[in-house]
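First comes the structure, then the notes that go with it.
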Number of protein chains: 2
Amino acid sequence: MSDIRVLVVEDEPIASAAHAAYVQRLDGFSLAGTAPDGQSALRLLAEFSAAGNPVELVLLDMNLPDLHGLDIARRMRSSGLFADIIAITAVRELNIVRSAVAIGVVQYLIKPFTYATFAEKLTNYRLFREQLASSDDGKNKTGASQSDVDQAFASLRTPSELQLPKGLSVSTLDAVKDFLRKEDAAVSASEVMDELGMSRVTARRYLEYLADAGSVSRAPRYGAPGRPENEYRWTRA
Amino acid sequence: MSDIRVLVVEDEPIASAAHAAYVQRLDGFSLAGTAPDGQSALRLLAEFSAAGNPVELVLLDMNLPDLHGLDIARRMRSSGLFADIIAITAVRELNIVRSAVAIGVVQYLIKPFTYATFAEKLTNYRLFREQLASSDDGKNKTGASQSDVDQAFASLRTPSELQLPKGLSVSTLDAVKDFLRKEDAAVSASEVMDELGMSRVTARRYLEYLADAGSVSRAPRYGAPGRPENEYRWTRA
DNA sequence: ACCGTTGCGTTCATATTGGTCATGAAAGGT
DNA sequence: ACCTTTCATGACCAATATGAACGCAACGGT
């Protein structure tokens, strides 16, 4: 799959350069350009679109000298530019989140943010696109089902793998992830317990977390007597 | 908090009435009206908006006689109508999901769906609104943080578990439902057993549940020796 | 018409696992 | 050194698919 073309819209030069660098540093994305204000952003978007090389994602700062981010989004939609938008905003103006969602903002970044947070949001977006593409173009001629769409939307949601929930540790999580990646087939909690020497409760907790985060898929294993055993399979590239 | 005003846009009278009934049955929502095509939908939205009583959520069918759902959404945005949209579509046109997201579709429902699915999506939307309102208006003068926004987005996009009778599991039910939707012809319990690898008893239990819930029809299949076999067919619109 | 045959519907006990709680050990801060 | 916080564990109860056993309804040959 080719890279997702990104336009960075940000008036402050230092922040703009930082965002641009972030994009180039991230796999699966390529920088289409940068714009310091709303007018030039709209012009650039229109030019790329006319050249048959449209921008697919806009990192849009809400505070710009000439236009507010919401206005830019509105004008984009009015003129038939349907690039997805990740909004970047300062802490105070949270009351515009709802309007932003209605215009098609897919993610929301609050300044100041770290590279890790940035990478998480963009990666979620990429996973969303990939899941949609695979359930659509794939061999599944019968069409995708509600659960497929739900799962795609779920990967757009943040699996805060940066900030682990209480009770989980990084090293244990890495061990479980490594084991899952190594195994091609689906594994059960008991198998993880045996292989890694941890308790079943612990193994299950980490597997469950990974399932919620979207990194692994979870399905019951039928055929044997007893309560069905969940089996987990690594899905994330 | 007052109810969320909903407009139902759907050309088929039976489906329209069903969706309207669903809305009225659901806590926290009230029906603002119904529209059978795109033109009247846009007119109604404009009228409500002018009367200072705007619609906040639109249940928008994608297949309408005059305009495609995406066009309606686009015109809404162009004319300054920023109601949120839950898209309703048939299985085939999944390729428009991405465009839909860009115009601000917050949820996606695939026909045919059950009331439970419908209620889940709308409830998620309501939770999203409430979380946003509480973290904004609340005492938290320092403003909301990234995690607040993340949490709100999460409740919009996380499939919430709906209540099932004891003895049934969500994933198994999903598997059976997906299989039934994929098969156009009526299927027997034995066929479900073979295809999904579960036992005959289990398959039958889930099929019976779906039949009781009204999602599938049940009829005996004659012609072969032995006790007649029930066959199940997906019917829910 | 009758009756054996056939295969599914139905019920129940059983086998395992999922989930939760409180406990214990280790790590980190004061 | 003491207290607080964090994470893994063991033991418990609840949940859920399975298999076997029995009953039932239509078919088909006599």
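Side-chain atoms are counted along with the backbone in the values below, which use heavy atoms only and exclude waters and symmetry mates. Note that the coordinates shown come from a computational prediction; the quantities given were computed from them, not determined experimentally.
One interatomic measurement links the two molecules: CD of B:Glu208 to C1' of C:dT11, which rounds to 14 Å at whole-angstrom precision. When rounded to the nearest whole Å, the span between CZ of B:Arg205 and C1' of D:dT16 equals 7 Å. Atom-to-atom, CG of A:Leu173 to P of D:dC7 comes out at 12 Å; the value is rounded to the nearest Å. Distance, B:Leu168 CG to D:dA14 C1': 15 Å, rounded to whole Å. For the pair B:Glu231 CD and C:dC8 P, the interatomic distance rounds to 13 Å; values are reported in whole Å. Atoms CG (B:Asp212) and P (C:dT10) sit 11 Å apart, rounded to a whole Å. Across the protein-nucleic acid pair, B:Arg218 atom CZ and C:dG9 atom P stand 11 Å apart, rounded to whole Å. To the nearest angstrom, C1' of C:dC12 lies 20 Å from NZ of B:Lys166.
In this structure, A:Tyr206 contributes its side chain and A:Ser169 its backbone to a donor-acceptor pair below 3.5 Å. Distance alone, capped at 3.5 Å, places no donor-acceptor pair between the B:Glu208 side chain and the B:Arg205 backbone. The closest donor-acceptor contact from the side chain of B:Glu56 to the backbone of B:Arg5 lies under 3.5 Å. With hydrogens and angles ignored, the 3.5 Å screen pairs a side-chain donor or acceptor of A:Glu10 with a backbone N or O of A:Glu12.
Atom-to-atom distance recorded for B:Leu109:CG and B:Leu60:CG is 11.5 Å, nearest 0.5 angstrom. The distance from atom CE of A:Met193 to atom CZ of A:Arg200, rounded to the nearest 0.5 Å, is 7.5 Å. Note that CD of B:Glu229 and CD of B:Glu191 are 6.5 Å apart. Values are rounded to the nearest 0.5 Å. Atom CG of B:Asp212 is separated from atom CG of B:Leu207 by 11.0 Å, given to the nearest 0.5 angstrom.
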Restricting both atoms to N or O, compile the protein contacts to nucleotides 25-27 of chain C shorter than 3.5 Å, with distance only.
none

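Contacts of B:Thr202 with the nucleic acid, taken as non-hydrogen atoms under 4.0 Å apart, include base atoms.
Contact check of residues 182-194 of chain A against DNA chain D (heavy atom, cut-off under 4.0 Å) returns no residues at all.
The 5' end of DNA chain D is approached more closely, in terms of each residue's nearest nucleotide, by A:Ala203 than by the other of A:Arg200 and A:Ala203. Between B:Arg227 and B:Tyr222, the residue anchored closer to the 5' end of DNA chain D is B:Arg227, taking for each the nucleotide with the nearest heavy atom.
The side chain of A:Pro228 has D:dT16 as its nearest neighbour among D:dT16, C:dT17, C:dT10. In the set C:dG18, D:dT9, D:dA17, D:dT9 carries the atom at the smallest distance from any side-chain atom of A:Met198.
Classification of A:Arg126 and A:Asp27 as a salt-bridged pair fails, no side-chain N sitting under 4.0 Å from a carboxylate O.
Contact annotation: A:Ser169 side-chain N/O to D:dT6 OP1/OP2 distance is not under 4.0 Å. Note on A:Tyr206: every side-chain N or O is 4.0 Å or more away from OP1 and OP2 of D:dC7.
Using bins of under 30°, 30° to 60° and over 60° for the plane-to-plane angle, the ring pair B:Phe118/B:His19 lands in the parallel bin.
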